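Order of listing sets the numbers, starting from 1, for every ligand and every atom in it. It should be emphasised that the depicted structure is a prediction, and the values quoted were computed from it without experimental measurement.
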Amino acid sequence: MAEFTMELNDEQKEVRDWLHGFAADVIRPAAAEWDEREETPWPVIQEAAKVGIYSLDFYAQQYFDPTGLGIPMAMEELFWGDAGIALSIVGTGLAAVGVLANGTEEQIGTWIPQMYGDTNDVKVAAFCSSEPDAGSDVASMRTRAVYDEAKDEWVINGTKTWATNGGIANVHVVVAVVDQELGSKGHASFIIPPNTPGLSQGQKFKKHGIRASHTAEVVLENVRVPGSCLLGGKEKLDERLARARERAKAGGERVKNAAMATFEASRPAVGAMAVGTARAAYEVALEYAKTREQFGRPIIDNQGVAFQLADMRTSVDAARLLVWRASWMAVSGKPFTAAEGSMSKLFASETAKKVTAEAIQILGGNGYTREYPVERMHRDAAIYTIFEGTSEIQRLVIARTLSGMPIR
Ligand SMILES: Cc1cc2nc3c(=O)[nH]c(=O)nc-3n(C[C@H](O)[C@H](O)[C@H](O)COP(=O)(O)OP(=O)(O)OC[C@H]3O[C@@H](n4cnc5c(N)ncnc54)[C@H](O)[C@@H]3O)c2cc1C
């Protein structure tokens with residue numbers, strides 16, 4: 001088990017400073033432009049690839065950091081730079097983790113390099129689970145994958161929505177129903193290789209925030225993929241489905257717990273993104289409050305403003321501590337008996353929304369304009385309470401875990 005410490009080790013500090021430098025020198029200066037363009041910032045991704053930030057190696061190194069703090073630290077720094085651009089950089093990693101966690105060695109070796117491309121020709125990947133009628137309610141997913149035994153192919157039909165990098169990805173990872181009876185336990189994930197006929201991009205969404213990140217529908221019409229594209233392989237799927245059927249008969253508790261543990265382990269990463277945005281807005285507000293003068297003195301000279309900044313910083317630090325605790329628990333194999341992963345995501349995402357709104361208030365009229373970054377940060381922050389499970393869903397998970405009751 002990783003020993004818990006509040007202090008990053010020398011290697012982690014070096015990585016953090018390097019990431020911070022990239023966020024400050026490359027990401028932050030490009031943020032306003034790509035937010036206005038509402039396009040994927042390919043040149044910034046390419047720059048990140050050149051220095052080694054946009055790569056599986058980098059992501060895997062942080063993912064397997066024995067203290068558990070590698071991913072939260074990296075997310076916080078990149079999202080401190082800018083949330084939209086950072087999501088464009090880490091979006092591929094989220095799809096790659098799906099393959100790393102569930103794929104065979106051959107699948108990992110074949111598909112992950114194609115998700116990233118190379119430094120001269122960078123590619124992105126997409127993870128497609130949500131559907132128009134299946135957001136929080138994942139079990140109501142309709143996209144179907146049917147096995148064509150004669151050809152050893154899977155035939156996939158359905159419409160995915162809100163997919164980060166959907167339609168522009170080189171490789172899509174698509175979750176589909178293989179056994180309707182089993183609800184979310186009857187789902188499986190498939191690799192859709194580049195240029196597969198039948199996969200197309202539906203509408204690209206115009207969004208409130210994180211506008212440098214591409215979000216779109218993905219339409220799958222009689223998409224045929226080889227049997228080898230089923231993540232984990234057919235044998236493993238058949239075993240898993242058989243186990244799920246047995247457990248469903250016996251009440252389903254253990255399956256539910258296993259699935260929940262996975263979410264608990266991945267949610268702190270989103271919490272860390274929110275910490276990055278919140279910290280960025282707090283820093284801008286602090287600097288502004290020290291330099292903006294009204295009534296002949298800096299506005300921070302008023303307790304009303306100074307106390308607000310004190311509360312903002314306290315919330316940001318509290319959010320980071322919850323994120324670090326849950327990340328450490330995940331890597332140490334500690335049971336999430338109070339849904340600590342969901343707690344960290346809930347608190348950090350609500351903090352980001354609150355702190356960015358307060359930053360606008362401290363900047364007054366300037367805060368409300370696009371001349372200053374807090375307006376963008378506030379729009380960006382709204383995503384954290386929505387994706388990877390809304391705040392209400394986090395509260396539901398926490399309340400159910402604490403009470404053991406089937407709260408609705
Ligand atoms: C920018 C962006 C990027 C995204 N990227 C991806 C991606 O890459 N891949 C992917 O698969 N998905 C992605 N998503 C989808 C995201 O995960 C969903 O939007 C999210 O899960 C919420 O689902 P929904 O939008 O259908 O909301 P709904 O589930 O319809 O919820 C609407 C409201 O009702 C509340 N609600 C619902 N059920 C309950 C309940 N039981 N109790 C209390 N309140 C409830 C919710 O909290 C929410 O406030 C993305 C979304 C966005 C906006």
Side-chain angles (χ1 to χ4, degrees), residues 34-35 38-40 79 82-99 115 124-143 156 158-169 171-177 183-184 187-190 192 199 201-220 262-263 266-267 269-271 273-274 277 339 342 345-346 349-350 352-353 376 379-401 403 405-408:
W34 292 100
D35 173 57
E38 301 195 42
E39 286 169 10
T40 300
F79 281 72
D82 177 63
I85 294 179
L87 190 61
S88 280
I89 293 173
V90 307
T92 297
L94 303 178
V97 163
V99 178
M115 290 181 163
V124 292
F127 179 76
C128 312
S129 171
S130 302
E131 297 183 2
D133 293 322
S136 303
D137 184 10
V138 180
S140 64
M141 186 179 288
R142 289 197 195 140
T143 296
I156 307 174
T159 299
K160 294 294 178 183
T161 195
W162 304 307
T164 300
N165 296 335
I168 62 166
V171 177
H172 291 77
V173 177
V174 168
V175 185
V177 177
S184 58
H187 296 173
S189 298
F190 297 86
I192 314 293
L199 183 149
Q201 182 184 305
Q203 72 158 310
K204 176 188 168 184
F205 294 102
K206 286 185 79 70
K207 303 195 299 296
H208 177 63
I210 54 163
R211 300 194 303 176
S213 167
H214 170 104
T215 315
E217 285 179 328
V218 172
V219 182
L220 302 124
T262 311
F263 280 126
S266 66
R267 282 181 174 150
V270 181
M273 299 174 188
T277 300
S342 296
K345 199 257 176 187
L346 170 65
S349 55
E350 293 292 341
K353 255 169 87 166
R376 184 182 67 251
R379 284 186 287 110
D380 292 345
I383 192 57
Y384 301 125
T385 60
I386 296 174
F387 68 6
E388 280 282 312
T390 64
S391 283
E392 292 72 28
I393 296 302
Q394 308 303 327
R395 290 189 180 99
L396 202 62
V397 171
I398 297 165
R400 281 179 182 165
T401 308
S403 67
M405 303 287 285
I407 294 161
R408 297 200 304 142

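Looking at R379, its side chain does come within 3.5 Å of a backbone N or O of H208 through a donor-acceptor pair. Between the side chain of Q394 and the backbone N or O of G389, at least one donor-acceptor pair lies under 3.5 Å. Not one N or O on the side chain of D380 forms a donor-acceptor pair closer than 3.5 Å with the backbone of G209. When atom types are taken as modelled, the side chain of Q201 and the backbone of A216 share no donor-acceptor pair closer than 3.5 angstrom. Side-chain N or O atoms of K160 include none that pairs as donor or acceptor with a backbone N or O of T143 at under 3.5 Å. Listed for the T159 side chain is no donor-acceptor partner under 3.5 Å among the backbone atoms of V219. In this structure a side-chain-to-backbone donor-acceptor pair under 3.5 Å is present from E217 to Q203. Using a distance-only test at 3.5 Å, with no hydrogens or angles considered, a donor-acceptor pair links the side chain of S88 to the main chain of A212.
Looking at atom 4 (C) of ligand 1, its nearest protein heavy atom turns out to be W162 O, 3.0 Å. In this structure, the protein non-hydrogen atom closest to atom 45 (C) of ligand 1 is E392 CB, 4.2 Å. Atom 37 (C) of ligand 1 has as its closest protein heavy atom S136 OG, 3.9 Å. The closest protein non-hydrogen atom to atom 9 (N) of ligand 1 is F127 O, 2.8 Å. When hydrogens are left out, the protein atom nearest atom 38 (N) of ligand 1 is I393 CD1, 4.0 Å; that is the closest non-hydrogen contact.
For atom 29 (O) of ligand 1, a protein non-hydrogen atom is found at a distance below 4.0 Å. Less than 4.0 angstrom separates atom 32 (C) of ligand 1 from none of the non-hydrogen atoms of the protein. Of the protein's heavy atoms, at least one falls inside 4.0 Å of atom 26 (O) of ligand 1. Distances from atom 35 (C) of ligand 1 to the protein include no heavy-atom value under 4.0 Å.
Checked by distance only, ligand 1 and R408 stay at 3.5 Å or farther apart across all their nitrogen or oxygen atoms. For ligand 1, none of its N or O atoms has an N or O atom of D137 under 3.5 Å away. The distance criterion of under 3.5 Å between nitrogen or oxygen atoms is met by S130 with respect to ligand 1. Between T215 and ligand 1, no pair of N/O atoms sits closer than 3.5 Å.
A distance of 9.5 Å separates CZ of F387 from OG of S349, quoted to the nearest 0.5 Å.
Counting heavy atoms only, L396 comes closest to atom 42 (N) of ligand 1 of the residues I386, T385, I407, L396. Between T164, V174, T161, I383, it is I383 that holds the heavy atom closest to atom 1 (C) of ligand 1.
Near I210, the atoms of ligand 1 lying under 4.0 angstrom from a non-hydrogen atom of the residue are 1 (C). For ligand 1, the atoms lying closer than 4.0 Å to a non-hydrogen atom of K207 are 1 (C). When each atom of ligand 1 is checked for a heavy atom of T390 under 4.0 Å away, the hits are 22 (C), 46 (C), 47 (O). Every atom of ligand 1 is numbered from 1 in the order shown, and the set under 4.0 Å from a heavy atom of S129 is 10 (C), 11 (O).
Residues V175 and S129 share a closest heavy-atom pair of CG2-CB, 4.0 Å. Scanning both residues, L396 and I407, for their nearest heavy atoms gives CD1-O, 3.6 Å.
Side-chain contact check for D82 versus D35: every heavy-atom pair is 4.5 Å or farther apart.
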